[in-house]
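Let me begin by presenting the structure, written as structure tokens, before commenting on it.
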4 protein chains.
Amino acid sequence: MDREERRAQVLRHAKRIFARKGYHRTNVADIILRARIARGTFYLYFRNKREIFEVLLDQALRDLSERIRRIRMAADEPSPVDQLRANLGRVLEFVMMERELTDIVLNHAVGFDREIDARILEFYEQIAQKIQRSLDLGVQMGLVRQCDTHTVACCILGGVKEVVGQLSRRRRHDTDAIVEEILNFGLRGVARPELLVEHQPAGEVTGEGERLFHAAH
Amino acid sequence: MDREERRAQVLRHAKRIFARKGYHRTNVADIILRARIARGTFYLYFRNKREIFEVLLDQALRDLSERIRRIRMAADEPSPVDQLRANLGRVLEFVMMERELTDIVLNHAVGFDREIDARILEFYEQIAQKIQRSLDLGVQMGLVRQCDTHTVACCILGGVKEVVGQLSRRRRHDTDAIVEEILNFGLRGVARPELLVEHQPAGEVTGEGERLFHAAH
Amino acid sequence: MDREERRAQVLRHAKRIFARKGYHRTNVADIILRARIARGTFYLYFRNKREIFEVLLDQALRDLSERIRRIRMAADEPSPVDQLRANLGRVLEFVMMERELTDIVLNHAVGFDREIDARILEFYEQIAQKIQRSLDLGVQMGLVRQCDTHTVACCILGGVKEVVGQLSRRRRHDTDAIVEEILNFGLRGVARPELLVEHQPAGEVTGEGERLFHAAH
Amino acid sequence: MDREERRAQVLRHAKRIFARKGYHRTNVADIILRARIARGTFYLYFRNKREIFEVLLDQALRDLSERIRRIRMAADEPSPVDQLRANLGRVLEFVMMERELTDIVLNHAVGFDREIDARILEFYEQIAQKIQRSLDLGVQMGLVRQCDTHTVACCILGGVKEVVGQLSRRRRHDTDAIVEEILNFGLRGVARPELLVEHQPAGEVTGEGERLFHAAH
DNA sequence: GATGAATGAGGATTCATTCAT
DNA sequence: CATGAATGAATCCTCATTCAT
């Protein structure tokens with residue numbers, strides 16, 4: 001077997017175990033047992049237990065980072081809302097595909113080690129900043145109401161994290177609806193209220209979302 | 001020294017250490033060193049390392065639970081929004097007072113042990129349910145828009161958790177403003193849009209919040 | 001409460017616990033719990049855990065020693081067989097009365113500590129010697145057949161120990177019959193054969209024992 | 001070094017130490033020091049301290065059990081007395097070869113742990129039963145006098161145990177004579193008296209044994 | 001490269017004994 | 001005398017990592 005292939009195989013097994021038991025309760029013994037390799041072989045591919053965990057973590061963080069793209073306001077881009085929707089969709093797609101990695105990022109990598117803690121914190125910090133910058137832009141453009149964009153960005157990030165945690169735990173697959181629900185909640189939370197209702201008949205409830213989401217066009 | 005006093009003293013020290021280093025990296029040696037007691041003395045007050053952690057965790061969960069009260073609709077109660085505000089205020093007050101416990105609940109108690117994991121999950125689950133029930137009630141009363149209240153409840157819970165995490169990390173104290181910010185974001189996210197803007201001049205932004213928050217009166 | 005009385009009370013409780021769990025598995029905590037005294041009080045009456053055990057052991061060894069009397073051949077003494085019978089009877093009486101002490105002497109005091117091991121070994125050694133001397137005397141008097149009296153003495157001692165162990169474990173009380181049985185077995189094992197059968201009709205079996213036991217008169 | 005070889009080596013050292021100091025006073029440190037292995041290596045071969053002790057105990061009990069064979073009455077078998085002699089010989093051979101194991105079975109395994117206590121008790125119980133069954137058979141065949149075979153079996157077992165204990169402590173090697181002595185004592189203790197003396201001249205003492213022992217032919 | 005036996009530092013827990021009140 | 005909180009040495013066991021084959 002090719003070196004990279006074997007390494008990937010070990011990573012695959014480790015991922016499942018770390019996700020299930022967390023870093024501390026996972027032994028090297030667990031990993032080599034599942035990966036069907038010898039103790040020494042493990043150390044041929046990874047410097048130590050910590051490294052294999054970091055590789056997995058980095059992989060997840062990098063992938064997630066790529067899935068969350070900056071909102072662009074160019075004329076040839078989709079509407080900001082559509083860009084948000086696409087971001088959210090990609091994140092949830094990752095979650096559904098990589099439940100184990102999600103679990104690791106979300107739960108098992110905190111309170112672990114100064115350095116790794118810091119790395120995760122920084123990752124979330126970056127996302128929060130991306131969100132905050134988008135909000136600031138929205139305010140400038142008259143789409144987002146005046147608010148403490150830092151706190152609101154946290155709220156949004158936290159909301160997504162919590163829903164993501166739920167999803168990774170449950171076997172639900174109706175991600176599109178959930179994306180819509182989060183988007184709806186978040187946008188209403190930040191939108192300037194004038195953009196939400198216009199000449200709307202009392203009973204009609206479902207249609208409004210669509211209007212909001214496309215109001216920026 | 002009185003028994004309870006001594007026990008509390010040990011707990012106090014353990015709390016700081018667990019918060020800083022997490023359960024696994026904290027030794028009994030660390031705790032007894034800080035608490036200035038002998039090895040055996042520790043085991044006089046706690047069956048084992050796990051127990052002292054559980055005591056701290058339970059203490060936090062119980063305290064937090066008490067701070068989050070069910071929204072009541074009786075005539076002699078404050079408005080629902082005021083009740084929400086009070087809940088949030090009490091939670092943030094706890095966070096500021098008990099940064100270490102907050103840290104433990106938020107970060108260090110997950111991926112630890114099936115049983116403790118389950119206990120924390122259940123705690124959050126209960127809060128999510130409280131939120132969801134409030135939302136359901138709001139929908140019935142025509143205050144909250146039609147939505148997937150489960151997902152939205154998750155979003156709200158997650159938002160609060162994230163902000164709380166931020167707060168426990170930083171030395172900020174403007175909690176009242178933050179409470180207001182979260183409330184504002186959350187309420188707008190769920191309120192029926194008609195309740196948000198009524199005959200409002202375009203420029204006026206700040207006044208609208210107040211109206212919303214007291215709309216239920 | 002009087003000092004000696006209290007000491008005796010603690011000893012009584014310790015005896016039961018040592019018998020049931022042995023020295024090593026018995027904690028000072030067990031003893032003070034049962035005796036309803038404080039930790040420090042224990043050390044007021046006994047230097048340490050070992051001492052209380054030794055007191056019990058010595059008590060048992062001394063009592064037993066007194067119950068096993070040297071066989072005397074004076075004209076005004078009962079027959080040697082009756083003296084043996086009386087010895088055995090007294091030993092079994094002790095066993096039935098002091099099951100716990102018996103248990104301690106028999107089982108829980110070996111492999112414990114060089115010194116205590118030696119003391120017990122010496123005790124048994126002394127009894128074996130008493131038996132051996134009696135046998136030697138019997139040989140001289142023409143009652144006992146030629147044999148390796150040391151080995152035979154061991155056999156006899158061991159036989160009694162084993163039966164005693166059985167008795168202390170079970171709730172049987174027919175000690176007299178057992179005394180007779182042991183005596184019968186042992187005497188036949190050592191008696192000169194001529195003394196066992198004399199002009200005896202083939203079928204008669206039960207009577208012979210009596211003749212043997214009183215043959216020395 | 002081969003796995004089994006290494007394991008055996010550790011067992012060999014542990015055997016000596018357990019025999020000398022007993023279970024409780026023996027540390028794992030003692031064992032690994034003697035066996036010249038690292039702490040962890042010990043736990044590679046044995047789950048814990050208790051297990052290595054049990055392995056040794058079981059080994060002894062199994063070996064001993066195999067050395068004590070049921071007395072068979074078939075025409076092509078040696079005489080019952082010869083079978084007894086062979087059994088005794090094999091037991092004493094074991095004792096001389098495996099003094100340490102003998103010591104463990106005899107002394108260091110009692111009052112240790114409910115389960116192990118029970119196992120040893122059961123072992124002796126089984127031997128006692130074997131003896132008792134042989135006695136019952138002897139009674140049926142008219143070789144053994146009427147008696148409480150249970151008690152007598154205990155006497156015989158105890159006698160052997162005591163002699164065995166003596167042997168394992170001392171450096172004697174004249175086992176054949178001792179076997180003969182025990183046999184002689186035991187057989188006389190149980191034999192029907194008519195079988196012991198027949199037309200025997202007064203002075204002749206040594207010959208009688210032979211006759212008895214071969215009477216069953 | 002692959003193996004897995006060996007290592008030993010590290011950490012949790014117990015319990016006999018002391019001593020201030 | 002009596003108490004029981006405090007002590008800390010002793011001991012078992014785990015597990016990440018190394019290294020000779």
Side-chain angles (χ1 to χ4, degrees), chain A residues 1-3 6-7 23-33 35-53, chain B residues 1-3 5-7 10 23-32 35-52, chain C residues 1-3 6-7 10 23-33 35-53, chain D residues 1-3 5-7 10 24-32 35-52:
Chain A
M1 193 183 293
D2 169 72
R3 181 176 168 86
R6 156 90 34 131
R7 191 180 146 98
Y23 181 81
H24 289 287
R25 285 186 301 140
T26 297
N27 306 339
V28 174
D30 293 335
I31 298 173
I32 63 171
L33 209 78
R36 295 173 170 276
I37 57 170
R39 248 192 156 65
T41 311
F42 177 87
Y43 288 88
L44 245 44
Y45 290 97
F46 305 95
R47 219 194 324 256
N48 49 36
K49 178 181 157 189
R50 188 198 149 115
E51 194 189 74
I52 193 173
F53 185 80
Chain B
M1 191 182 294
D2 173 71
R3 179 172 170 86
E5 220 175 314
R6 166 62 60 112
R7 192 181 145 99
V10 178
Y23 180 82
H24 290 286
R25 284 186 303 136
T26 298
N27 307 339
V28 174
D30 293 335
I31 298 173
I32 64 171
R36 293 173 170 277
I37 57 171
R39 233 182 184 100
T41 311
F42 176 87
Y43 289 91
L44 233 51
Y45 292 95
F46 306 95
R47 225 194 319 264
N48 49 38
K49 179 179 151 190
R50 187 198 154 113
E51 194 191 73
I52 193 173
Chain C
M1 193 183 291
D2 170 72
R3 181 175 167 87
R6 156 86 38 128
R7 192 181 144 97
V10 178
Y23 180 81
H24 289 286
R25 283 186 302 140
T26 297
N27 305 338
V28 174
D30 294 335
I31 299 174
I32 63 170
L33 209 78
R36 293 172 169 276
I37 57 169
R39 249 190 153 67
T41 310
F42 177 87
Y43 288 88
L44 246 43
Y45 291 97
F46 306 95
R47 219 191 327 256
N48 49 37
K49 178 181 156 189
R50 188 199 151 112
E51 194 189 74
I52 193 173
F53 186 80
Chain D
M1 191 182 293
D2 173 70
R3 179 173 171 86
E5 219 175 315
R6 167 60 63 109
R7 191 182 146 100
V10 178
H24 290 286
R25 283 186 304 135
T26 298
N27 307 338
V28 174
D30 293 334
I31 299 173
I32 64 172
R36 291 173 172 276
I37 56 170
R39 241 197 172 82
T41 310
F42 176 87
Y43 290 92
L44 232 50
Y45 293 96
F46 306 95
R47 226 193 318 263
N48 48 38
K49 180 179 150 188
R50 187 198 154 113
E51 195 191 73
I52 193 173

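Numbered from 1 within each chain, the chains take letters A, B, ... in sequence-line order.
Separating the NZ atom of A:Lys49 from the P atom of F:dT14 is a distance of 15 Å, rounded to the nearest angstrom. The separation between D:Arg47 atom CZ and F:dC13 atom C1' is 13 Å, rounded to whole Å. Atom OH in B:Tyr43 sits roughly 24 Å away from atom P in F:dG4 (whole-Å rounding). Protein atom NE2 of A:His24 is 13 Å distant from nucleotide atom C1' of F:dA16, rounded to whole Å. Rounded to a whole Å, the CG atom of B:Asp2 is 14 Å from the P atom of F:dG4. In this structure, the OH atom of B:Tyr23 is 13 Å from the P atom of E:dG11, given to the nearest Å. Between B:Glu51 atom CD and E:dT13 atom P there is a gap of 10 Å when expressed in whole angstrom units. One can place CZ of B:Phe42 at 17 Å from C1' of E:dC15, the figure rounded to the nearest angstrom.
Contact annotation for C:Leu44: base contact, defined as any heavy-atom pair under 4.0 Å involving a base atom.
The minimum heavy-atom distance between C:Arg39 and C:Ile32, with the atom names listed, is CG-CD1, 3.5 Å. The shortest non-hydrogen separation linking C:His24 to C:Lys49 is O-NZ, 4.0 Å. Of all non-hydrogen atoms in D:Asn48 and D:Tyr43, the two that sit nearest each other are CA-CE2, 3.9 Å. The minimum heavy-atom distance between B:Arg6 and B:Thr41, with the atom names listed, is NH1-CG2, 3.9 Å.
Within the 4.0 Å cut-off from OP1 or OP2 of F:dA5, not a single side-chain nitrogen or oxygen of B:Thr41 is found. In terms of phosphate contacts, B:Tyr45 brings a side-chain nitrogen or oxygen within less than 4.0 Å of OP1 or OP2 of F:dA6.
Closest-nucleotide positions on DNA chain F for D:Ala29 and B:Ile37 were compared, and the one nearer the 5' end corresponds to B:Ile37. Between A:Ala38 and D:Arg36, it is A:Ala38 whose nearest contact on DNA chain E lies nearer the 5' terminus. Where B:Arg39 and C:Val28 each meet DNA chain E at their nearest nucleotide, the meeting point lying more 5' is that of B:Arg39. Nearer to the 5' terminus of DNA chain F, by closest-nucleotide assignment, is the contact made by C:Gly40 (compared with the other of D:Asn27 and C:Gly40).
By the side chain to side chain donor-acceptor pair (under 3.5 Å) test, C:Arg47 is found to be paired with C:Glu51, residues two or more places apart in sequence or in another chain being considered.
Counting only heavy atoms from C-beta outward, the side chains of B:Phe42 and B:Ile52 approach each other to under 4.5 Å.
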| Check against side chain to side chain contact (heavy atoms under 4.5 Å, CB included), C:Val10 and C:Phe46 | CA-CA 10 Å; C:Val10 178; C:Phe46 306 95; 3.7 Å; yes
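Helical stems in DNA chain F, defined as runs of 3 or more consecutive Watson-Crick or G-U wobble pairs with donor-acceptor distances under 3.5 Å: E:2-21 with F:2-21.
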